[in-house]
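Right, one structure below, let's go through it.
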Amino acid sequence: MENLQVYKFGGASVKDAAAILNLQKIVQMHQGPLLIVVSAMGKTTNALEEIYDLAYRGEEYRLKLGELEEFHRTVAGALLEAWEVDIVLNEYLDELRQHLRQIQLAPADYDQQYDQVVSYGELLSSRIVAWALGTNWQDSRGLIRTDQTWREARVNWADTEAALWGMLRTKGGPPMAQVPVVTQGFIGQASDGRTTTLGREGSDYTAAILAYCLRAESVTIWKDVPGLLNADPKIFPDTVRYSEISYRETIEMAYYGASVIHPKTLKPLADRGIPLRVKSFLDPEAPGTLIHDCQHPTLAPAYIRKTDQCLLSFSSKDFAFVSEENLEVIFGALAQAKLKINVMQNSAISFSVCTDFSERRVNLLLDLLREQFTLHYNTGLTLFTIKNYTPASLAQLTVGKHLLLEQRTRNTFQFVCTA
Ligand code: ASP
Ligand code: MG
């Protein structure tokens, strides 16, 4: 769609009424067709995860749910009339309560039921933002069509594209050409009508899916940092901002765990040559970062830290080599347990992988492999990656740390260490 721009606002940019008013200012500065994708407010998704866990375990969740409800009512109340607040929130809050009641009575498929609950963060926030802006609101679940890989749903591109263009046609032309349209990040719908989610922090990906299917002119991700930085400023002092950077470099950084952009976001944009801007919602006039097709001879080293890692080592019980057949079994089990490999290393009699720690998933893996392998694992570890490392950057980051595993390629240095 000609001139269409997609703006994505993350949790921090809708965390309270003041933030939403700031969002409104940014939107008002824009001219032309605009599609706005919003995340859940602040830490709502974490809170919903907690509430869901309590309900699933049959424990008391109503107190926490009450706090979440109160939080949304307070923010909406600061922006809207009292009667509007009920219209905007009640339907979804009722649905959410109903889901939780059912789950507490009959906990079943954990991941499937998770999606039915955790998706309400975006539904609630998008309703508040759309009403505060006085614009159109669109349920993205009818548009983003996925399979049933709960919590990590895969997009059905053909159906999604058809649904999007169908929506535009039935509404008598693109609604976002008149006034901006607000929709939700993170969520989609399976063919059976149930809600799916695209993976934590998946709202960026939603923006890219929409931009790809609608052939948007560009995507802008509004964040609380001045652009794409070479490290998280909360962890590393002296960060530098990349003023422009290629899709490829950014994909790699996201893959290694740079939390600035969801890793799946870049591919659809690169495929259609749609530029991605990362800008600060605190300083909207500042240049930010432009991610597009470009060349750069040298880039500042990027430092990426992933915490809460687990290092698993498998050895075959008979001290035989870890063979291709064994690896096939191990990879199969990792996939089945939905554990993603962040780093792996093979030695004569053992094979090690570093993954994000999830007790549930690791226990499932142990059950699957216990008979064939001896397994050891350490938790509470940190994985550091330095992309485009230099000897100085490497020395500086490793000093004083206890390294359990390290790996070096021409451009990238990774190590797993305690704490
Ligand atoms: N609200 C979801 C999350 O916190 C998705 C997102 O913010 O991108 O993971
Ligand atoms: Mg977020």
Side-chain angles (χ1 to χ4, degrees), residues 6-16 19-20 23 35-53 64-65 68 71-72 75 92 96 99 110-111 113-130 139-141 143-144 146 149-155 182-189 195-211 219-225 228 232 234 250 253-255 257-269 276-281 306-308 338 340 356 358:
V6 179
Y7 277 5
K8 181 262 171 172
F9 289 95
S13 55
V14 290
K15 71 175 197 298
D16 53 29
I20 294 173
L23 175 158
L35 187 54
I36 300 168
V37 175
V38 299
S39 290
M41 288 164 46
K43 300 275 172 241
T44 297
T45 306
N46 291 351
L48 282 166
E49 281 187 345
E50 260 179 66
I51 291 165
Y52 171 63
D53 264 340
K64 280 225 162 336
L65 180 62
L68 192 77
F71 168 61
H72 282 81
V75 175
Y92 284 140
L96 174 60
H99 276 297
Y110 184 90
D111 289 348
Q113 290 182 324
Y114 170 103
D115 280 357
Q116 310 319 307
V117 167
V118 171
S119 46
Y120 279 92
E122 270 69 13
L123 290 166
L124 292 167
S125 69
S126 64
R127 294 275 293 175
I128 296 175
V129 170
D139 190 331
S140 68
R141 290 173 298 180
L143 304 173
I144 309 276
T146 72
T149 313
W150 312 108
R151 299 181 69 181
E152 198 72 50
R154 283 185 285 245
V155 175
V182 176
T183 193
Q184 312 79 42
F186 183 52
I187 68 178
Q189 195 175 61
T195 304
T196 54
T197 65
L198 304 173
R200 285 302 309 266
E201 305 298 330
S203 295
D204 297 343
Y205 185 37
T206 302
I209 297 165
L210 296 169
V219 174
T220 305
I221 296 182
W222 294 94
K223 296 195 67 91
D224 56 359
V225 287
L228 187 63
D232 183 344
K234 287 179 202 124
T250 318
M253 279 185 210
Y255 170 81
S259 62
V260 70
I261 294 167
H262 188 276
K264 286 184 182 167
T265 309
L266 278 305
K267 184 174 168 2
L269 299 179
L276 172 64
R277 290 193 176 76
V278 180
K279 288 174 68 101
S280 165
F281 61 77
K306 257 170 120 52
T307 54
D308 207 9
K338 289 191 184 164
K340 280 190 222 157
D356 295 354
S358 147

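Everything quoted here is computed from the prediction, not taken from an experiment. Counting convention: from 1, in listed order, for ligands and their atoms alike.
Within a 6.0 Å sphere centred on CZ of Arg154, other residues, nucleotides and ligands contribute 12 heavy atoms or fewer. By the 6.0 Å contact criterion, NZ on Lys338 is enclosed, its count of non-hydrogen atoms from other residues, nucleotides or ligands being greater than 12. The number of heavy atoms from other shown groups lying within 6.0 Å of OH (Tyr92) is above 12.
Considering every non-hydrogen atom in both Thr195 and Trp150, the closest pair reads O-CZ3, 3.5 Å.
Under a 4.0 angstrom heavy-atom cut-off, Gly121 registers as lying outside contact with ligand 1. Heavy atoms of Glu122 approach ligand 1 to within less than 4.0 angstrom.
Numbered from 1 in the order shown, with element, the atoms of ligand 1 that lie under 4.0 Å from a heavy atom of Ser39 read 6 (C), 7 (O), 8 (O). In the vicinity of Ser203, heavy-atom distances shorter than 4.0 Å reach the ligand 1 atoms 5 (C), 6 (C), 7 (O), 8 (O).
Panel note: side chain Ser125, backbone Ser39; a donor-acceptor pair is recorded below 3.5 Å.
Considering backbone and side-chain N/O atoms, Asp204 never comes within less than 3.5 Å of an N/O atom of ligand 1.
Of the listed options Glu49, Lys8, Gln184, Arg200, Arg200 places a heavy atom closest to atom 4 (O) of ligand 1.
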